[in-house]
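What follows is a single structure, written as structure tokens, with notes after it.
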Amino acid sequence: MSQNTQKRIAIFTSGGDCAGLNAVMRAAVLRAHGLGWEVIGIENGASGLLENPPRYQVLKPEDFNGTIMRMGGTILGTTNSRNPFAYEMPDGSIVDRSDELIAAFKKLGVESIIGIGGDGSFEILSKLVDKGELNFIGVPKTIDNDVHMTDFAVGYDTAVSVATEALDRLQPTAASHDRVMILEVMGRDAGHIALTSGIAGGADIILIPEIPYTIEKLADKIKQIKQDGRNFALVVVSEAVRTPDGKKHEVVYHGGETRYGGIGDYLGVEIAKATGFETRVTVLGHVQRGASPTYNDRLLASLLGVKAVELLAEGKCGRMVAWQNGDVVDVAIEDAIKECNIVDISGKRVHTAKALGIAFGD
Ligand code: F6P
């Protein structure tokens, strides 16, 4: 790889934050500086460039000497509600600002862009880079782990650790009070966090959007546990699970934006009714996103951040760095955004959970 002292690349974080984003930045900045490149970090998702003056900062290796790589969140800020093709202006009007954004990148002398995002962000970004003929490499991140073509996305491991620890903390209270404890975890449309933390945290029931269930089956499982002599039960439910008749549980926020929420409470009532057992509900929410990254997430962030820069050095673009079968690879962004990585219900995790006696309510 040749040294090129002229090159300036940009990096930004897009979509919901998670643990490990700063560690990706650190890896990319250190590798880029090794090649003599300058890295600028665009603030607040790419939309920081649409502000006047544009919001960005020069990222230097020394910025990452101390605490930053250990921190959750993103030092650049991010957004999951700004689309340059349909940008909401302060007066509420919707404007296509994609040309402005492309021009802002070019004006800054940025040759290539590394975007750390999830499938939603990549879809928008690939439209943008096609239109502007920008060089782009994507780094997958999301606690949901639903990005296609990578076994793991940055942030997922930390979220699962937080959810597993929550089950560890709920179990003593469940046992002390003879209760059914329901833990509602995140996962927009995919049940990975619920499934993995449920196995790791000793859940009795795991509910994921990929597997339909009935309240009767849940009640049977809980009654059986009590008949067998145990006084408590642990249930993990993914936020995207619907009621047995297909109703979504959502919260409507100011401005009409909706987010999943409420399925845990629904189940709490239904399970108590069907079993007669005292039931309590814990909604884990954004606690899953904010932690210091686990070593697995720091390692993945480092591997993917370095690889992203090296792909640019090789002249490659339109690629997403990925982790597949124990190795770092790169795949075409257009293939990565074709579908969402949901739980494989014939896969090893579901099989193992069933072998452990965990019920899915099916
Ligand atoms: O996609 C990540 C995620 O944390 C989902 O698990 C969750 O449904 C959603 O984002 C929450 O979004 P927000 O941060 O906008 O509330």
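Counting starts at 1 for both ligands and their atoms, following the listed order. Nothing here was measured: the structure is a model prediction, and the numbers come from that model. Computed from heavy atoms alone, side chains included, the values below leave out hydrogens, waters and symmetry copies.
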- Does Arg289, backbone or side chain, put an N or O under 3.5 Å from an N or O of ligand 1? yes

- Message: Give the atom numbers and elements of ligand 1 that come within less than 4.0 Å of a heavy atom of Gly187.
- Response: 6 (O)

- Task: Give the residue and atom name of whichever protein heavy atom lies nearest to atom 15 (O) of ligand 1, and the separation in Å to one decimal.
- Result: Arg259 NE, 2.7 Å

- Query: Quick one: ring-ring contact (aromatic ring centres under 6.0 Å, His included) partners of Tyr260, sequence neighbours excluded?
  - Reply: none

- Message: So if I count the atoms of ligand 1 from 1 in the order they appear, which ones are less than 4.0 Å from some heavy atom of Glu239?
- Response: 5 (C), 6 (O), 7 (C), 8 (O)

- Message: Could you walk me through whether Lys141 and Val24 satisfy the side-chain contact (heavy atoms from CB on, under 4.5 Å) test, starting with their C-alpha distance in whole Å, then the side-chain angles of each, then the deciding distance to 0.1 Å, before giving a yes or no?
- Response: CA-CA 10 Å; Lys141 66 84 216 169; Val24 177; over 6 Å; no

- Message: I'd like to know whether Arg31 forms a side-chain contact (heavy atoms from CB on, under 4.5 Å) with Lys307, so could you lay out the CA-CA distance, the side-chain angles of the two residues, the decisive distance to 0.1 Å, and finally the verdict.
- Response: CA-CA 9 Å; Arg31 186 65 188 103; Lys307 176 77 174 177; over 6 Å; no

- Task: Considering the heavy atoms of Asn80, write down every atom of ligand 1 situated less than 4.0 Å from one of them.
- Result: 12 (O), 13 (P), 14 (O), 15 (O)

- Message: If the cut-off is 4.0 Å to any non-hydrogen atom of His286, which atoms of ligand 1 fall inside it?
- Response: 13 (P), 14 (O), 16 (O)

- Note on the structure: Honestly, for Arg188 the part within reach of ligand 1 (heavy atoms, under 4.0 Å) is both

- Measure the distance from atom 2 (C) of ligand 1 to every protein heavy atom, then report the residue, atom name and distance (to 0.1 Å) of the closest one. Asp144 OD2, 3.4 Å

- Query: Could Arg82 and Tyr87 be counted as a cation-pi pair, given that NZ or CZ must be under 6.0 Å from the ring centre and within 45° of the axis?
  - Reply: yes

- Aromatic rings Phe105 and Phe12: how do their planes relate, parallel, tilted or perpendicular, breaks at 30° and 60°? tilted

- Assign the ring pair His249 / Tyr266 to parallel, tilted or perpendicular, where the plane angle (0 to 90°) is split at 30° and 60°. tilted

